[in-house]
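Please read the structure below before turning to the comments.
Both backbone and side-chain heavy atoms feed into the values below; hydrogens, waters and symmetry mates do not. What you see is a predicted model, and the numbers here were worked out from it, not measured in a lab.
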Amino acid sequence: MSSGTRKGWAPARIPADGIAAQRLREWIDESEGGLDAVGLNFTGADLSHGDFSESWFTDAKLANIKLAGADLYRSDAQGADLSGADLTEASLVRVNLDDAILRHATLDGANLVKASLYGVDAFGASCRGTRFMGASLLEVDFRSADLSNSVFDENSFQVTMDRNAKIEGASGSVFGPAVIMGEEGAQELSGVELQEWIRQRGGGIRVVSAD
């Protein structure tokens, strides 16, 4: 008989999709291994504080999912739709988020150390106090995103931002260039110019020359 828990943890809300709910129940009953949720629909589920280390969320539908405080160490979420997801204080260390959708997602206080974010749509995402140290940020859309008090450490920072992006209190170091969208179109900034743009908005990030 199912205990309904995995190492003492149980989901606060299972996904409405029957296939996804069944797969989650089966995984909970298993003692080891990551969750195989490839391509499944977990929209609206509350899996906060669960341990999903080395799981597979590739191409999964995770819109509005709650994963606050969850551990997704070394998981694969390439191409996943995490629009509106709550990843507050989640561990996303070494997670593959390439081509994922994080529009209006909340990643406040999350740990993205050495995560891979290539081609990510993070428009309007909240990343307050997020730790990006060592993460690859390549072709990431941070327009209207809140990066206040986020932390970097010689990150690739080939991102797109606009005047609505917030970067107050952000610290550390990055490599440019970044694209800044304005009323007159796109402007690519690197080096001192990018560092000054960030400084004028209250950020303390140092832009490192790639030379």
Ser91 side, atom OG; Leu112 side, atom CG - distance, nearest 0.5 Å: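 Those atoms lie 8.5 Å apart.
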Atom pair OG/CE of Ser144 and Met181 - distance to nearest 0.5 Å: 11.5 Å
Phe132 and Phe142 aromatic ring geometry - parallel, tilted or perpendicular at 30°/60° bounds: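 Ring orientation, 0 to 90° scale: perpendicular.
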Taking [X] for the side chain and [Y] for the main chain, is one N or O donor matched with an acceptor at less than 3.5 Å?
X: Ser173; Y: Glu154; answer: yes
X: Asp36; Y: Val38; answer: yes
X: Trp197; Y: Val192; answer: no
X: Ser75; Y: Ser55; answer: yes
X: Asn64; Y: Lys66; answer: no
X: Arg13; Y: Gly44; answer: yes
X: Ser83; Y: Leu102; answer: no
X: Glu168; Y: Gly203; answer: no

Ion pair check, [X] and [Y], cut-off under 4.0 Å:
X: Asp81; Y: Lys61; value: no
X: Arg23; Y: Glu30; value: yes
X: Arg128; Y: Asp108; value: yes

side-chain contact (heavy atoms from CB on, under 4.5 Å) between Leu62 and Asn41, intermediate numbers included: CA-CA 7 Å; Leu62 308 173; Asn41 186 357; over 6 Å; no
The single option from Phe175, Tyr118, Phe157 passing side-chain contact (heavy atoms from CB on, under 4.5 Å) against Leu137: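 Running side-chain contact (heavy atoms from CB on, under 4.5 Å) over Phe175, Tyr118, Phe157 with Leu137 returns exactly one hit, Phe157.
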Heavy-atom closest pair, residues Leu92 and Leu87: CD2-CD2, 4.4 Å
Step-by-step side chain to side chain donor-acceptor pair (under 3.5 Å) determination, Gln78 to Asn96: CA-CA 6 Å; Gln78 183 169 357; Asn96 178 13; 3.2 Å; yes
Ring-face cation of Arg25 near Trp27 (centre distance under 6.0 Å, axis angle within 45°):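 That pair does not qualify as a cation-pi contact.
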Derivation of the side-chain contact (heavy atoms from CB on, under 4.5 Å) call for Asp162 and Ile180: CA-CA 5 Å; Asp162 60 8; Ile180 309 301; 5.9 Å; no
No-hydrogen, no-angle side-chain donor-acceptor test under 3.5 Å, Thr160 and Asp141: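 The criterion, which ignores hydrogens and geometry beyond distance, is not satisfied for Asp141 and Thr160.
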Short side-chain donor-acceptor distance under 3.5 Å, Asp76 and Thr58: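 Indeed, the side chains of Thr58 and Asp76 share at least one donor-acceptor pair under 3.5 Å.
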Stepwise side-chain contact (heavy atoms from CB on, under 4.5 Å) test for Thr43 and Asp17: CA-CA 8 Å; Thr43 298; Asp17 181 83; over 6 Å; no
Side chain to side chain donor-acceptor pair (under 3.5 Å) partners for Ser53, two or more places apart: Asp51
Check against side-chain contact (heavy atoms from CB on, under 4.5 Å), Phe52 and Tyr73: CA-CA 7 Å; Phe52 298 95; Tyr73 175 72; over 6 Å; no
Transitive ILVMFWY side-chain link Ile28 to Ile14, under 4.5 Å: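 Ile28 clusters together with Ile14.
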